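This report concerns only the one structure given below.
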Amino acid sequence: MRIIIAGGDGFCGWPTALYLSKQGHEVTIVDNLVRRRMDEELHSNSVTPLATLEERVAKWMELTGKEIKTFIGDLNHYDFLCEVFRQTEPEVFVHFAEQRSAPYSMIDREHAIYTQSNNVLGNLNVLYAIKEFGPECHLIKLGTMGEYGAPNIDIEEGYIEIEHNGRKDRMPYPKQPGSFYHLTKVHDSHNIMFACKIWGIRATDLNQGIVYGLHTEETELDAVLNNRLDYDGVFGTALNRFLIQAAIGHDLTVYGAGGQTRAFLNIKDTVRCVEIAANNPADKGEFRVFNQFTEYFSVKELAERTKRVAEEMGLSVGISHIENPRVEAEEHYYHAINTNLRELGLEPNLLTDNVLKGILEVALENKDRVIKDNVLPKVSWR
Ligand code: NAD
Ligand code: USQ
């Protein structure tokens, strides 16, 4: 298939591009490289050294003989996006290209506005480009489990049957997101659902949990193919952050009580889930939602597991419950359904001690790159 990976220079997009290229698909990356500029803005970096996108695709070509084309540009520049569609005629458009950090979106008004316009308008451009240039193209859009928040009932996959005053209907599942970033994903979902209904677009919304790990079989082939690994208080996510904190001898930063329960998956399963969605396209006019995660944990549980595994490796690790910079429930019910991807063949890579050790080893190899000033959270929701 001809597949566009928008956001293909990022943490999820890069390994997905390599994996789909390896399966024989014709892969094109579209990215404006803004994530690399955000590292400069935040005076931060990836724990693993990153080659340029040019070097990455050249190395992939050298090692495998497979070409990944690249277009450097912004989804918000519609003329650019139209040209990409004209030149590549995609059958699948995988959309990772959004500002994905909740803390970044909560820095101040400017960052909230940037996040909402980048994400919501970029996605709207993609919908219009599909309508205009590829009405059969299957949109695979990265959403988030955080769209649902933490309701006191089970979380279904996108839709829930509701009975009200004696009548029943299948409705979109209620959304209670926890940041201006998470809200963009809700707005995107609504826009996509509407576009499917009025124009007959086919779309899959992948409501992904928090991704941990960094390596896939493909990124491990050569240091130039390294994936990024974020640890700072803005872009670092819970489990990866704890493992890097353990590597540098920093206390693990549990926000508040630590009973916040979230859905997680290994980066190896991210790439596989996208492949499963691509191989099983949504019907014309269908807005399909898959909950993309394999397990859920509380952050306290993850900190305790990280501590135990790190101590087995001879490290000394403390856990600090620091004041929560976010406004969120710290103890709550959580039960979410994730059967759609399993039924289509996903075999989860579960979080074993060996997986934790593997990520910790990479963090230890690169620990001198960590800028310690960036580890504690500085962005407040209040
Ligand atoms: P990332 O920031 O590492 O990658 C996103 C990429 O998109 C970057 O390379 C960036 O330069 C590019 N980009 C952003 N805006 C763009 C625009 N307007 N035009 C062109 N390129 C643009 O993020 P990630 O962790 O790889 O996340 C990818 C997607 O998956 C996001 O949509 C995110 O919301 C979603 N997601 C991520 C996680 C996670 O744990 N990382 C979990 C759930 C969902
Ligand atoms: N947390 C800590 N300590 C830390 C960092 C985070 O206790 O050092 C807590 C947070 O308070 C929160 C939970 O861990 O309760 C998750 O935070 P996170 O930063 O790991 O994840 P989040 O902000 O939700 O965002 C990440 C990705 C985002 C994606 C989302 C999936 O950055 O792109 O959409 O995970 S989900 O969580 O399912 O919404």
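Keep in mind that what you see is a predicted model, and the values were worked out from it rather than measured. Start at 1 and go down the list; that is how both ligands and their atoms are numbered. FYI, side chains are in, hydrogens and waters are out, and symmetry mates aren't considered; it's all heavy atoms of this structure.
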| query | For atom 3 (O) of ligand 1, what's the nearest protein heavy atom and its distance? | reply | Phe11 N, 2.9 Å

| query | Nearest to atom 40 (O) of ligand 1, what protein heavy atom do you find, and at what distance? | reply | Val211 N, 3.0 Å

Which option wins on minimum heavy-atom distance to [atom]: [options]?
atom                    : options              : result
atom 29 (C) of ligand 1 : Tyr212, Phe96, Phe80 : Phe96
atom 14 (C) of ligand 1 : Asn76, Leu239, Val34 : Val34
atom 6 (C) of ligand 1  : Ser117, Gly7, Gly13  : Gly7

Going by the order shown, which atoms of ligand 1 are within less than 4.0 Å of some heavy atom of [X]?
X      : answer
Asp9   : 9 (O)
Gly143 : 44 (C)
Gly10  : 3 (O), 4 (O), 9 (O), 26 (O)
Gly73  : 19 (N), 20 (C)
Leu33  : 11 (O)

Looking at ligand 1, would [X] count as a contact under a 4.0 Å heavy-atom criterion?
X      : result
Tyr181 : yes
Gly209 : yes
Gly146 : no
Gly8   : no

For ligand 1, which part of [X] has a heavy atom less than 4.0 Å away: the side chain, the backbone, both, or neither?
X      : value
Lys185 : side chain
Asp230 : neither
Asn118 : side chain

| Does Tyr181 have its ring centroid less than 6.0 Å away from the ring centroid of Tyr104? | no

| task | Compute the centroid of each ring, for Tyr128 and then for Tyr78, and state whether the two points are separated by less than 6.0 Å. | result | no

Tell me, yes or no, whether the heavy-atom count around [X] atom [atom1], taken from other residues, nucleotides or ligands under 6.0 Å, exceeds 12.
X      : atom1 : value
Glu323 : CD    : no
Phe194 : CZ    : no
Lys175 : NZ    : yes
Lys378 : NZ    : yes

Would you give the length of the straight line joining atom [atom1] of [X] to atom [atom2] of [Y], rounded to the nearest 0.5 angstrom?
X      : Y      : atom1 : atom2 : value
His164 : Ile162 : NE2   : CD1   : 9.5 Å
Lys268 : Cys273 : NZ    : SG    : 14.5 Å
Ile3   : Gln23  : CD1   : CD    : 9.5 Å

| request: Please report the shortest heavy-atom distance between Thr294 and Pro348, naming the atom on each side. | output: CG2-CB, 3.6 Å

| remark: Tyr255 and Gln260 have their tightest heavy-atom pair at O-NE2, 2.8 Å

Check: [X] N/O within less than 3.5 Å of ligand 1 N/O:
X      : value
Arg228 : no
Asp31  : yes
Asp74  : yes
Cys12  : yes
Leu75  : yes

| Stacked cation flag Arg35 on Phe235, 6.0 angstrom / 45 deg | yes

| task | Answer yes or no: is there a donor N or O on one side and an acceptor on the other, between the side chain of Glu163 and the main chain of Lys168, under 3.5 Å? | result | no

| query | Under the 3.5 angstrom rule, does the side chain of Asn291 hit a backbone N or O of Glu156 as a donor-acceptor pair? | reply | yes

| request: Please check if any side-chain donor atom of Asp205 sits under 3.5 Å from a side-chain acceptor atom of Ser189, or the reverse. | output: yes

| request: Answer with yes or no whether the side chains of Thr270 and Gln208 bring together a donor and an acceptor at under 3.5 Å. | output: yes

| Could Asp9 and Arg56 be called an ion pair, given the rule that one side-chain N must be under 4.0 Å from one carboxylate O? | yes

| When you look for protein heavy atoms under 4.0 Å from ligand 2, which residues do they belong to? | Arg100, Ala102, Thr144, Met145, Gly146, Tyr181, His182, Gln208, Gly209, Ile210, Gly236, Thr237, Ala238, Arg241, Phe242, Thr253, Val254, Tyr255, Gln260, Arg262, Val299, Arg326, Glu328

